[in-house]
Amino acid sequence: MASEQLRVGFIGAGQIATLHALAYEDNRDATLHAIADQDADVRAARGAEWGVGVAYADYRELLGNPDIDAVEIILPHHLHLPVTLEALAAGKHVSLQKPMCLSLGEADQIIAAAEGSDRLFRVFENFRSYEPYRLAKKLIDQGEIGDPLSLRMKNISGRGVGGWSQTTNARAWRSDTERSGGYLSILDHGYHMASIATHLMGHVESVHTLSTPKGDSVVPATQEMITFRFAEGDRLGSWETVRAPELLVRTKYYGGDEWVEVTGTRGVVWVNRCSGDLLGIPPVTLYRDGELRQFSDLDTDWDASFRDGGMEFTRAIVDGTQPDLDATEAKAVLAFCLAAVESKQTGRTTLLAELDQEETKA
Ligand SMILES: NC(=O)c1ccc[n+]([C@@H]2O[C@H](COP(=O)([O-])OP(=O)(O)OC[C@H]3O[C@@H](n4cnc5c(N)ncnc54)[C@H](O)[C@@H]3O)[C@@H](O)[C@H]2O)c1
């Protein structure tokens, strides 16, 4: 370690990086030491806001700075693979924003680089660090609902009331399929949903996607109904995405929200909020044996999941442990997303085991 506290650099200091910075406000393990962003306005604004004096236009200069122990890569999707490989080769610990990358072939390159390095690599997916999902996972693992049987997930993309709008930068690369991968409801926001499904219920074996408008389209779908079978147990899942631009969503962040329901042999658990607060009800509800329990005393602000997720990363470096998501688990989540895209393209059920491991790309 180059200093007593780890020195972290952000590669990409755009819109979501503002929430990543919360992890370094009161972090005994690490400080935010440098940023790299190609946009001069972003560099100036974030440098001043975060009190970070070291700012580069070229991320390679940040990677060449021996004072930096670890990096958070918070870049458009097409850069996830090359910058991760360069960062590991430069001897930095890496936290890579979701989605891991854009194809299974790319994921394999990251797995090989992570396995060949003595540095920590993880994919940053903030829903797994969100307290209501943590509680739901704990309740399920403790057997509170018996053996989990079915998962239902809903994501609404509407219009935020008082929240964020996407910045020009963030919109531009997302609307370019080469840079984002397209299929945003499945590969961009959807990576969170696939991650949570996998986290709560295990790996997915097969996927079928229905969408409207019908057929293959990289432009945002109005609706998708994605159904899937889990590899273990008699477990099925469904995941509905709805784009309703006039629907008002109470949120401090993006104009979207989601909720999840898991039914087991003895009970049901609901997580009723995350990015937004459309329902305005307690974040976690548990039903079992005729009793309904509601859990309200949780940190439900979405920003806390970024603070906690970032602090998990730096603590794990200090402790020498591996936080979620390691490269192999991150690839399993990506495979679920890519299978949903392939099924949308072909109109047929996709078996994850039959995805082309070399090339599969949205
Ligand atoms: N819930 C979440 O965890 C969440 C939410 C939003 C975005 N994200 C993810 O975060 C990442 C960034 O998304 P965003 O919305 O903040 O985008 P953004 O466009 O606001 O930020 C990306 C930044 O990268 C910079 N950049 C682009 N190419 C560069 C290069 N070659 N060298 C240096 N800087 C470069 C841009 O100038 C920009 O400031 C994506 O992976 C996205 O999926 C995650």
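First listed ligand is number 1; within each ligand, the first listed atom is number 1.
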Atom indices of ligand 1 within 4.0 angstrom of F306 heavy atoms, with elements
1 (N), 2 (C), 3 (O)
Kindly say whether A194 contributes a backbone atom to a donor-acceptor pair with the side chain of T198 at under 3.5 angstrom?
yes
Candidates V42, L187, L19, L75; heavy atom nearest atom 40 (C) of ligand 1 found on L75
Atom 27 (C) of ligand 1: which of K98, Q15, Q38 has the nearest heavy atom?
Q38
Short list, please: which atoms of ligand 1 are under 4.0 Å from a heavy atom of I74?
10 (O), 11 (C), 12 (C), 22 (C)
State the atoms of ligand 1, each with its element, that fall below the 4.0 Å cut-off from a heavy-atom position in H192.
1 (N), 2 (C), 3 (O)
Distance-only polar pair, side chains of E224 and Y183, donor-acceptor under 3.5 Å:
no
Per-atom contacts, ligand 1 versus G12 - under 4.0 Å to a heavy atom
24 (O)
Does V260 reach the side chain of L151, with side-chain heavy atoms less than 4.5 Å apart?
yes
Short list, please: which atoms of ligand 1 are under 4.0 Å from a heavy atom of W302?
1 (N)
Please work out whether any backbone atom (N, CA, C, O) or any side-chain heavy atom from C-beta onward of W173 is under 4.0 Å from ligand 1, and answer side chain, backbone, both or neither.
side chain
I'd like to check which ligand 1 atoms, numbered from 1 as shown, lie under 4.0 Å from a non-hydrogen atom of H77.
40 (C), 41 (O), 42 (C), 43 (O)
Quick one: look at D58 and ligand 1, take heavy-atom pairs under 4.0 Å, and tell me if it's side chain, backbone, both or neither.
neither
Does the D326 side chain pair with the main chain of E329, one donor and one acceptor, at a distance under 3.5 Å?
yes
So the atoms of ligand 1 within less than 4.0 Å of a heavy atom of L79 turn out to be 28 (N), 29 (C), 31 (N)
Out of the candidates F306, W50, F10, only one should pair with Y24 under the ring-ring contact (aromatic ring centres under 6.0 Å, His included) rule; please name it.
F10
Within reach of ligand 1, part of P76 (heavy-atom separation under 4.0 Å)
side chain
